[in-house]
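One structure is given below, encoded as structure tokens.
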Amino acid sequence: MNIDKTEYYNDKLYKKMQAELDSFIADWKSKPSADTVELAYELTYKEEILNSFNFDWEGRTPVPTPQAKALLAMKYPLDYLYQEWIDYDDSPLDMLRDSNNLAIEKAINHMKSRTDIDMERG
């Protein structure tokens, strides 16, 4: 099988980050239960970050070779990406609030359209 350079580096990067995640999970199992909530949050987002690098589904474009090489050069690329996520300006709570607002607006519009239909029938 002949794979190009980009696929090669992406595959190496994905496997390295998967091994890092597996090690995180194994370490987590040895922690006291008091740390569970904080570690569950970290685990959830590390899994999401790793899943964003799964290029075999949904036709995702691989990370360009220079970026993959830069991440591969790091001892813990998954943790690096997680820490950057934590420092990102938009918090998950902000994104959740935005999502809630959109969902509520959608529900209001749905209620308005039902009211309009009921008034027309009525």
Side-chain angles (χ1 to χ4, degrees):
M1 175 161 92
N2 188 13
I3 62 171
D4 70 19
K5 210 169 31 167
T6 301
E7 288 179 61
Y8 169 78
Y9 285 110
N10 275 266
D11 185 58
K12 280 186 71 160
L13 178 59
Y14 184 84
K15 287 176 180 174
K16 182 174 184 173
M17 290 193 303
Q18 180 64 60
E20 185 180 344
L21 182 65
D22 293 343
S23 177
F24 174 80
I25 292 168
D27 186 49
W28 180 15
K29 290 178 180 179
S30 68
K31 302 280 185 199
S33 61
D35 295 337
T36 301
V37 172
E38 183 178 328
L39 292 172
Y41 178 88
E42 185 173 347
L43 174 62
T44 298
Y45 279 98
K46 283 185 174 183
E47 286 175 332
E48 288 300 314
I49 291 166
L50 183 61
N51 286 335
S52 75
F53 282 81
N54 185 349
F55 306 111
D56 293 335
W57 50 277
E58 297 181 13
R60 296 190 187 274
T61 304
V63 175
T65 300
Q67 286 89 334
K69 283 181 172 181
L71 289 170
L72 278 166
M74 296 177 176
K75 188 170 183 176
Y76 301 108
L78 184 60
D79 190 60
Y80 167 77
L81 293 171
Y82 172 74
Q83 296 304 325
E84 287 296 312
W85 161 254
I86 293 298
D87 292 340
Y88 190 67
D89 287 341
D90 289 339
S91 73
L93 185 56
D94 291 336
M95 290 188 300
L96 185 57
R97 285 181 181 134
D98 290 343
S99 176
N100 289 345
N101 289 337
L102 290 172
I104 292 166
E105 198 59 40
K106 186 176 175 182
I108 290 169
N109 289 336
H110 180 72
M111 284 176 45
K112 283 181 183 177
S113 66
R114 287 187 55 143
T115 302
D116 291 344
I117 291 170
D118 290 344
M119 289 177 138
E120 288 175 6
R121 289 183 183 162

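Note that the numbering runs from 1 along the sequence shown for the chain.
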What's the separation between atom [atom1] in [X] and atom [atom2] in [Y], rounded to the nearest 0.5 Å?
{"X": "Leu71", "Y": "Tyr80", "atom1": "CG", "atom2": "OH", "value": "7.5 Å"}
{"X": "Asp4", "Y": "Glu7", "atom1": "CG", "atom2": "CD", "value": "4.5 Å"}
{"X": "Met74", "Y": "Leu72", "atom1": "CE", "atom2": "CG", "value": "10.0 Å"}
{"X": "Leu81", "Y": "Ile86", "atom1": "CG", "atom2": "CD1", "value": "12.0 Å"}
{"X": "Asp11", "Y": "Thr6", "atom1": "CG", "atom2": "OG1", "value": "12.5 Å"}

Under a single-linkage definition using a 4.5 Å side-chain heavy-atom cutoff for Ile, Leu, Val, Met, Phe, Trp and Tyr, are Tyr76 and Tyr9 assigned to the same hydrophobic cluster?
no
Please walk me through it: do Glu48 and Asn51 pass side chain to side chain contact (heavy atoms under 4.5 Å, CB included)?
CA-CA 5 Å; Glu48 288 300 314; Asn51 286 335; 4.3 Å; yes
Salt bridge (charged side-chain N to carboxylate O under 4.0 Å, His left out) partners for Glu42, two or more places apart
Lys46
With Lys29, which residues qualify under salt bridge (charged side-chain N to carboxylate O under 4.0 Å, His left out), at least two apart?
none
Per-pair distances, 0.1 Å, donor-acceptor, side chain in residues 17-28, under 3.5 Å, sequence neighbours excluded:
unit_1 : atom_1 : unit_2 : atom_2 : d
Gln18  : NE2    : Asp22  : OD1    : 2.8
Glu20  : OE1    : Leu78  : N      : 2.9
Glu20  : OE2    : Asp79  : N      : 2.8

Determine the minimum heavy-atom distance between Lys75 and Lys16, stating which atoms define it.
O-CE, 3.7 Å
Might you point out which heavy atoms bring Ser33 and Thr36 nearest each other, and give the distance in Å?
O-OG1, 2.8 Å
